[in-house]
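Shown next, in structure tokens, is the structure this report addresses.
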Amino acid sequence: MRLVTWNVNSLRARLPRTLALLEREQPDFLLLQETKLLESDFPFLDIQAAGYQAVTHGQAPFNGVAILSRSEPDSVTTGFPGDPILDEARVIAATYGDLTVISAYVVNGRDLSDPMYEVKLQWLDALQAWIADAFDPAGNVVIAGDFNVTPDDRDLYDAVLLTGQVHHSEPERERLSAMLDWGFVDLFRIHDDQPGTFTWWDYRGGALHRKLGLRIDLILGTRPLAERCTEVRVDRNERRPTAGEGKPSDHAPVIAEFTDR
DNA sequence: ATGTCACTTTACAAGTGA
């Protein structure tokens, strides 16, 4: 089983690259964030032509999440109970047999002094409460997407410069830790304990070339899935301007491989 | 540390969110 998560920063702008990714990787699941499309504008036909089903919690001009899959899901839920910002489409969950797949786009928070920072913490608390209420850590659950939090100081280009700032503050990292304490494993860290693997680079200032990135796109899996996870890699090439048709997203896809049972 | 991108609109430039 292969699962990919990608913040596409507009699915309309990234459709050619998204279809190329499906062709290239042949994933079983592709979780998208920042689709920025209403469901009525979602490119279902192109995705079906590529051999995939799609479900979306759509919104424009911001947010929007989706899950593409080979098979049709048994059930789908959008949003989650207790979400403090109900009018923003940031979470979709789908079940396929005994597997639950969740695509999540965590609140950015902007800055510690911005009101959206507190909203981010409340949002993460509510997300965790929902997960603990609705799921079993002994089951097969994966939540992946743009968490807008670096798990620790290996996951940012300059810890001295950025420590305490938004994405890297202790309260944000505590919320992420709570998800790991519940039973999720940061699948990338199973096989790689080194610093410097990133999934996002600012469009500005040549950040990609200067290696000024963050690892904020995560794939978290419950222990039964972690035990089957053989590899997690970042498709850094996809972030390059020349890698495909049209411009790149500022995020790279993250790809997890699992042994079949 | 932002010379970018995507998107929007009392729309062909300027604001917004990231």
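Within every chain, numbering begins at 1; the chains are lettered A, B, ... in the order of the sequence lines, protein sequences first and strands thereafter.
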Which whole-number value in Å describes the distance from [X] [atom1] to [N] [atom2]?
X	N	atom1	atom2	result
A/R17	B/dC5	CZ	P	11 Å
A/D41	B/dC7	CG	C1'	13 Å
A/L15	B/dA6	CG	P	13 Å
A/L161	B/dT2	CG	P	11 Å

Select from A/Y157 and A/K247 the residue whose nearest nucleotide in DNA chain B is closer to the 5' end of that strand.
A/Y157
Considering only NZ, NE, NH1 and NH2 on the basic side and carboxylate oxygens on the acidic side, decide whether [X] and [Y] come within less than 4.0 Å.
X	Y	answer
A/D153	A/R173	yes
A/D83	A/R90	no
A/R189	A/D155	yes
A/R233	A/E25	yes

Can you check the distance between [N] and [M], where both ends of the measurement are the [atom1] atom (answer in whole Å)?
N	M	atom1	value
B/dA18	B/dT2	C1'	12 Å
B/dT16	B/dA11	P	16 Å
B/dC12	B/dC7	C1'	15 Å
B/dG15	B/dT10	P	14 Å

Would you tabulate the side-chain donor-acceptor contacts of residues 128-141 of chain A under 3.5 Å, counting partners in other chains and residues two or more places apart, or write 'none'?
| from | atom 1 | to | atom 2 | distance (Å) |
| --- | --- | --- | --- | --- |
| A/D136 | OD1 | A/A138 | N | 2.9 |
| A/N140 | ND2 | A/D98 | OD2 | 3.4 |

Taking A/W201's backbone N and O only, do any of them form a donor-acceptor pair with A/R239's side chain (distance below 3.5 Å, no angle check)?
yes
Tell me whether A/R228 contacts the main-chain N or O of A/T259 through its side chain, where contact means a donor paired with an acceptor under 3.5 Å.
yes
Give a yes/no answer on whether the side chain of A/S10 brings an N or O atom under 4.0 Å of OP1 or OP2 in B/dC7.
yes
Side-chain donor/acceptor contact of A/R210 with base of B/dA1 under 3.5 Å
yes
Identify each atom pair where a protein N or O and an N or O of nucleotides 8-18 of chain B are less than 3.5 Å apart, giving names and distance.
| from | atom 1 | to | atom 2 | distance (Å) |
| --- | --- | --- | --- | --- |
| B/dG17 | OP2 | A/R110 | NH2 | 3.3 |
| B/dA18 | OP2 | A/R110 | NE | 2.9 |
| B/dA18 | N6 | A/R204 | NH1 | 3.1 |

